[in-house]
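Structure first, then comments.
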Amino acid sequence: MVTLSTPIEYIKGIGPVKADVLKKELNIFTAHDLITHYPFRYIDRTKFYNIKDVSADLPNIQLKGKFISIEIVGNKKSKRLSAIFSDGTGTIELVWFKGYQWLHTKFNTKSEYVIFGKPSLYGSKHNITHPEVNEFNDDYVKTLSAYQPVYNSTEKLKQKGLDSEGLRRIIKQYVGQIKEFDVPEFHSPDFINQHKLVSHFSALINIHIPSSEQALAAALLRLKFDELFFVQLKLLKGYKHRVNHTTGFVFKKVGPLFTELFEKYLPFELTVAQKRVLKEIRSDLGKGKQMSRLVQGDVGSGKTIVAALTMLLALDNGFQSCLMAPTEILAQQHFQTISKLFASINIEVALLTGSTKEKQKKNILEKLLSNDIKIIIGTHALIEDSVKFNCLGLAIIDEQHRFGVAQRSKLQTKNTTHPHVLVMTATPIPRTLAMTLYGDLDVSVIDELPPGRKPISTVHYFESHRLRLYGFLREQIEIGRQIYVVYPLIEESEKMDYQNLQQGYDNLLNEFPLPIFQISILHGRLTPLQKEYEMERFAKAQTQIMVATTVIEVGVNVPNASVMVIESAEKFGLSQLHQLRGRVGRGAEQSYCILMTGNKLSTDARLRMKTMVQTNDGFEISEADLKLRGPGDIQGTQQSGIMDLKLSDLAKDATILNKARNAAFDILDADPELALASNLEYAKIIASKNSVFNWNRVG
Ligand code: ADP
Ligand code: MG
């Protein structure tokens, strides 16, 4: 008997050798893994192509006709079976390099055959090598499906006969054997009715062997719904638990420090959006529950001041707070901004990063423990085990999309009662993605830029416009502006990228010679001290141009810099381009972003440039990004586990996601801990380690 937990070597048609590659190549260990290796598309095998319409860019196609000739040709090395096949609209050559002796005797020129294979161009003619050939008769026709599944395979699997076709045969054979009672049905009949789902069993059968278009659609709906439902159930259960059960510190009062800074020393009036978000935060902090709030706000919307003021709320109520940033430069910069701000009310701020000197670090650690440091800013260094607080009441994570979920939870454990958590992100993400990535957080949005900002004007220049670019830069420098020139840094070709950066720097030195012009250079190979020095020179306007890699991508804030030149812009993704552009447009001056690309661009790259030129709106850009690249490439998704989604496409399945999320809410409203007998199966599934989709391995 085979069940879903049967190891694959015991499934008919597999055996130890194939099992071995399946495990190594596709992580398929059990029948369940095999059956959840879903097809990625379907071919209509009831349709036949006309030979006259064949072209090499078609995938596998199906032809019907007769052999005109079948002969073994070629000399020893290139010996092969060559058959000319005709369907009345034209002829095409079919070629076999293997097994041809036998095939030669098998085919005849009288019967009608069905050919299935991938056409390619050989010289000026099309041919198909090693096609599948079947005699066309009533029995065979019955086996042809309008939805023949196509599976992902790999080179190594193909060598063992497990190309898409091989996989299809094995899976089909197996699917034919499983019985309804082998497949767990974790939803109740009522639930299934209510959400108009088909049974799990039916879905698994029909995703592989659809009986009709409707059956396939229903199978897809059920399986996608389940994927999204369990993600939401897990996230929302965590959310409810936090809201209902955890206690949090109560920050009752708005104290003297907050009030003094707010009333006397704010460098600007807060925007309406900033005020609203602060209010939302204050309401969280008074509830006696742990706050877990995400502040989303486009680049330049002014998240730092919100963070700073929240830290004062903590301080006024007797608690320590920390702010973690993803890069050394950004931590530095926050440290400077916030120290300066807090100096006005005599509050000291500490900085802890990877490059803090041992002795100083020891001193900081001691003072954190003794509560002599109340406010600390830093990098990942803050989550090291050696960092212990006296009474951490608030943890803020800036540019959260650069961190993993694990790092967020690590900060929480720095006090026995979980400190309040505020995460900030400048990467606006589409709603569907936010619901999946941050579904367990409350969300605030700063949807307004500080007043007086002019929209950044973005242009796309080809390499051939370089002289015009230099002319423009010179004009801008003359009127006192500063300029970023950013080069891509991609790990695989790191060495070459540094060469490009150096080359670009040298070219700029030629165009903008010393001593009239000063140019800074900033990249990952500099020591933290060098970086700090270069950054400072630029921030103080001692240099006019900053040549850099994407180390400046997040957070960096030099309001007088109003021109961003992005070299080889085609190498960047949309969200990265938007982040980089966000480095300018921070002052009152008109700002510019210039995307430099080579003359030849792929369709995707062209679309990215077009999107950037057309809009400054981070949300619009992230929607476009999701459509162009899929969620897997959007920053932050890799660590989140949403890559486990096998079928759902967050760019397209928003409706199913909403349904699934609402269904999860309903279940949890009635039974927040999933303790009812009817929900035990759900509880088990979402408790299973790592992935909520491994329902078969539960228990
Ligand atoms: P981000 O949201 O990208 O982190 P920042 O906090 O770095 O943005 O703020 C961007 C710039 O806008 C900074 O120079 C900051 O001083 C300024 N700023 C923030 N809020 C306001 C405001 N309400 N009015 C004027 N300028 C502001
Ligand atoms: Mg910021």
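Just follow the structure's listing: the first ligand is 1, and inside any ligand the first atom is 1. All residue numbers refer to positions in the sequence shown, counting from 1. The figures that follow rest on heavy atoms only: side chains count, while hydrogens, waters and symmetry mates do not.
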Please identify each residue that fulfils ring pair (Phe, Tyr, Trp, His ring centres under 6.0 Å) with Phe335, with sequence neighbours left out. none

Geometric cation-pi criterion Arg474 and Phe512, 6.0 Å radius, 45° cone: yes

Geometric cation-pi criterion, Arg282 with Phe251: 6.0 Å, 45°: no

What do you reckon, does Gln296 put a non-hydrogen atom under 4.0 Å from ligand 1? no

Can an N or O of Val299 be found at a distance shorter than 3.5 Å from an N or O of ligand 1? no

Is there any side-chain hydrogen bond (donor to acceptor under 3.5 Å, both in side chains) pair reaching into residues 444-454, and which pairs are they, with sequence neighbours excluded? Arg276-Asp447, Glu280-Ser444, Arg293-Ser444

Ring centers of Tyr592, Phe472 separated by less than 6.0 Å: yes

Structural part of Met424 in contact with ligand 1, heavy atom criterion under 4.0 angstrom: neither

Does the N or O separation between Phe268 and ligand 1 drop below 3.5 Å for any pair? no

Just let me know how Leu270 lines up against ligand 1, side chain, backbone, both or neither, with a heavy-atom cut-off below 4.0 Å. backbone

Among the heavy atoms of Gly297, does any lie under 4.0 Å from an atom of ligand 1? no

Where on Lys303 is there a heavy atom closer than 4.0 Å to ligand 1, on the side chain, on the backbone, on both, or on neither? both

For Thr304, the ligand 1 atoms whose distance to one of its heavy atoms is below 4.0 Å: 4 (O), 5 (P), 6 (O), 7 (O)

